[in-house]
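What follows is a set of notes on a single structure, which appears directly below.
The first residue in the sequence is number 1, and the count goes up from there. Every value quoted in this text rests on a predicted model; they were computed, and no experiment measured them. All values below were derived from every heavy atom in this structure, side-chain atoms included, with hydrogens, water molecules and symmetry-related copies excluded.
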Amino acid sequence: MHVPSDGWNNGGWNRKLSQFRLLAEMLGLTKPSIAPEDLQDLFKRVATAKVFADNVQSFIDAATDTNKSVQERVEAIEHQLGLTEPIPFMSLRGLEVPTEFDGVAIWPTGITNWTKLRLEQIRTAQDAGARFRHVVCLGSSRVCNAPADRRHPLITGIPVGQEPTEQALQYQLVHSGAHDPSMFRFASLPSVNDAGKPLSLEQQLIHLKESGQYDELIGGADIYVPSTPNSLYVPLHVRRVLGHDNVWFSQAGARLVRKMPDSWWPSLQDTMTLPNGMIRLWVELLEAGCFTK
């Protein structure tokens with residue numbers, strides 16, 4: 001495991017800072033000291049690579065080397081950071097014993113594969129002895145019709161135009177017979193934000209707090225947030241937006257590939273989708289004070 005296993009605020013991430021800076025240099029940022037706001041422009045350059053390899057040309061165009069060199073350098077950075085590696089049950093303090101957890105799980109959505117994988121991790125943690133009072137379901141009104149969604153068996157057989165929303169997919173998974181529906185609490189969320197678009201995770205969390213649902217569903221309980229490959233920033237993001245002192249998490253592993261396959265992939269991560277997750281994690285690590293130099 002490449003992430004610090006003995007706590008995130010003890011300087012362990014300092015050893016990884018040079019790798020984050022290599023990515024910044026590939027995108028033209030060479031400032032001696034980099035703050036979260038400095039990374040916003042870099043994030044915009046890789047934002048279209050958010051999920052799959054269908055939209056990574058903007059990153060390749062923004063980098064200064066050939067396509068092959070960009071791929072190799074990103075793979076080398078990931079090898080040092082280990083953001084696609086499996087991570088056992090831990091908190092920001094370090095490795096934890098699942099049987100010591102007694103709190104609430106938060107289930108964020110995403111593409112169909114990641115939504116299902118997060119639910120499987122919650123179940124795995126529960127089987128390992130973690131006690132969940134309930135699972136808070138957070139999902140947007142985004143329709144699951146992106147290329148990666150259409151590859152998944154749950155979506156591929158559905159006629160185009162009839163795909164479920166993330167929220168509907170969650171409901172379908174909960175009531176599939178494999179889970180106890182009474183464990184799940186579906187947050188009441190607006191369908192769209194002020195711009196008429198599905199809510200981001202940050203907007204969902206903010207609404208959870210402002211509507212009083214946070215006090216009702218979570219309060220002061222410990223929180224477990226499952227992470228998917230290259231989304232290690234999500235537990236930190238939840239911690240920051242909710243103002244929670246600590247979060248517990250785990251992460252399923254993935255196998256790096258050069259090009260996303262056309263058919264369904266159970267746990268693959270395309271090389272060129274990594275910069276998005278790296279920059280998001282960098283922002284959250286800076287905000288959380290995990291770098292001490």
Side-chain angles (χ1 to χ4, degrees), residues 47-57 84 105-124 126 134-193 195-205 207-208 225-231 234 251-274 276-277:
T48 51
K50 180 179 180 182
V51 180
F52 10 79
D54 307 9
N55 300 303
V56 299
Q57 195 60 45
T84 63
I106 288 182
W107 177 23
T109 53
I111 58 173
T112 301
N113 194 39
W114 292 161
T115 298
K116 191 171 184 296
L117 186 58
R118 286 184 170 113
L119 179 58
E120 290 170 357
Q121 284 192 81
I122 291 173
R123 184 64 175 269
T124 298
Q126 189 175 28
H134 48 257
V135 179
V136 179
C137 305
L138 295 180
S140 80
S141 61
R142 182 190 74 86
V143 176
C144 299
N145 59 2
D149 292 305
R150 294 293 315 176
R151 293 187 183 103
H152 196 280
L154 286 173
I155 306 296
T156 190
I158 298 176
V160 174
Q162 297 182 28
E163 300 91 346
T165 63
E166 291 179 357
Q167 292 166 324
L169 176 64
Q170 278 185 315
Y171 191 85
Q172 175 186 341
L173 290 170
V174 166
H175 290 83
S176 65
H179 303 277
D180 176 7
S182 67
M183 281 285 297
F184 297 85
R185 306 288 187 273
F186 287 84
S188 178
L189 300 166
S191 295
V192 295
N193 58 23
K197 297 181 179 180
L199 271 64
S200 66
L201 176 58
E202 181 168 2
Q203 290 167 337
Q204 294 171 46
L205 293 167
H207 182 79
L208 199 70
V225 183
S227 175
T228 56
N230 199 37
S231 70
V234 171
Q251 176 169 292
R255 178 169 58 87
L256 280 176
V257 295
R258 283 295 180 94
K259 181 173 171 39
M260 203 71 77
D262 293 331
S263 58
W264 177 59
W265 34 278
S267 186
L268 302 176
Q269 182 69 50
D270 187 277
T271 301
M272 297 307 293
T273 68
L274 294 173
N276 179 285

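Note: Trp114 and Trp107 fail the aromatic proximity criterion, with ring centroids not under 6.0 Å apart.
Closest heavy-atom contact between Ile158 and Glu163: CG2-N, 3.9 Å. The two atoms that bring Gly139 and Thr109 nearest to each other are CA-OG1, 3.4 Å, heavy atoms only. Of all heavy-atom pairs between Asn193 and Pro198, the closest is ND2-O, 3.9 Å. The minimum heavy-atom distance linking Leu199 with Pro190 is given by the pair CD1-O, 3.5 Å. Minimum heavy-atom separation, Pro108 to Leu201: CB-CD1, 4.3 Å. Of all heavy-atom pairs between Met183 and Arg185, the closest is C-NH1, 3.8 Å.
Remark: Cys144 SG to Ile155 CD1 distance equals 5.0 Å, nearest 0.5 Å.
Between Val174 and Val135, every side-chain heavy-atom pair lies at or beyond the 4.5 Å cut-off. The shortest distance between side-chain heavy atoms of Val234 and Pro226 does not fall below 4.5 Å. For the pair Gln167/Phe186, no side-chain contact is recorded, criterion being any heavy-atom separation below 4.5 Å from C-beta on. Taking the side chain as every heavy atom from C-beta outward, Asp270 and Trp265 never approach each other to under 4.5 Å.
Of the possible polar contacts, none joining the Ser231 side chain to the Ser227 backbone as a donor-acceptor pair under 3.5 Å is found. Of the possible polar contacts, none joining the Asn145 side chain to the Arg150 backbone as a donor-acceptor pair under 3.5 Å is found. Checked by atom type and distance alone, the side chain of Asn230 never pairs as donor or acceptor with a backbone atom of Gln269 at under 3.5 Å. Between the side chain of Thr271 and the backbone N or O of Val257, at least one donor-acceptor pair lies under 3.5 Å. Between the Arg151 side chain and the Pro261 main chain, a donor and an acceptor come within less than 3.5 Å of each other. Thr156 contributes no side-chain N or O that, together with a main-chain N or O of His152, makes up a donor-acceptor pair within less than 3.5 Å. Put simply, the side chain of Arg142 gets close to the backbone of Gly110: a donor and an acceptor are under 3.5 Å apart.
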- [ ] Evaluate the criterion side chain to side chain contact (heavy atoms under 4.5 Å, CB included) for residue pair Leu173 and Leu154; output intermediate values, then yes/no.
- [x] CA-CA 10 Å; Leu173 290 170; Leu154 286 173; 3.8 Å; yes
TODO: Kindly determine whether Leu256 and Leu274 satisfy side chain to side chain contact (heavy atoms under 4.5 Å, CB included), including the steps that lead there.
DONE: CA-CA 10 Å; Leu256 280 176; Leu274 294 173; 3.7 Å; yes
TODO: Apply side chain to side chain contact (heavy atoms under 4.5 Å, CB included) to the pair Ser267 and Arg255, showing each step before the final yes or no.
DONE: CA-CA 7 Å; Ser267 186; Arg255 178 169 58 87; over 6 Å; no
TODO: Quick one: do Arg123 and Gln126 satisfy side chain to side chain contact (heavy atoms under 4.5 Å, CB included)? Show the steps, please.
DONE: CA-CA 5 Å; Arg123 184 64 175 269; Gln126 189 175 28; 3.9 Å; yes
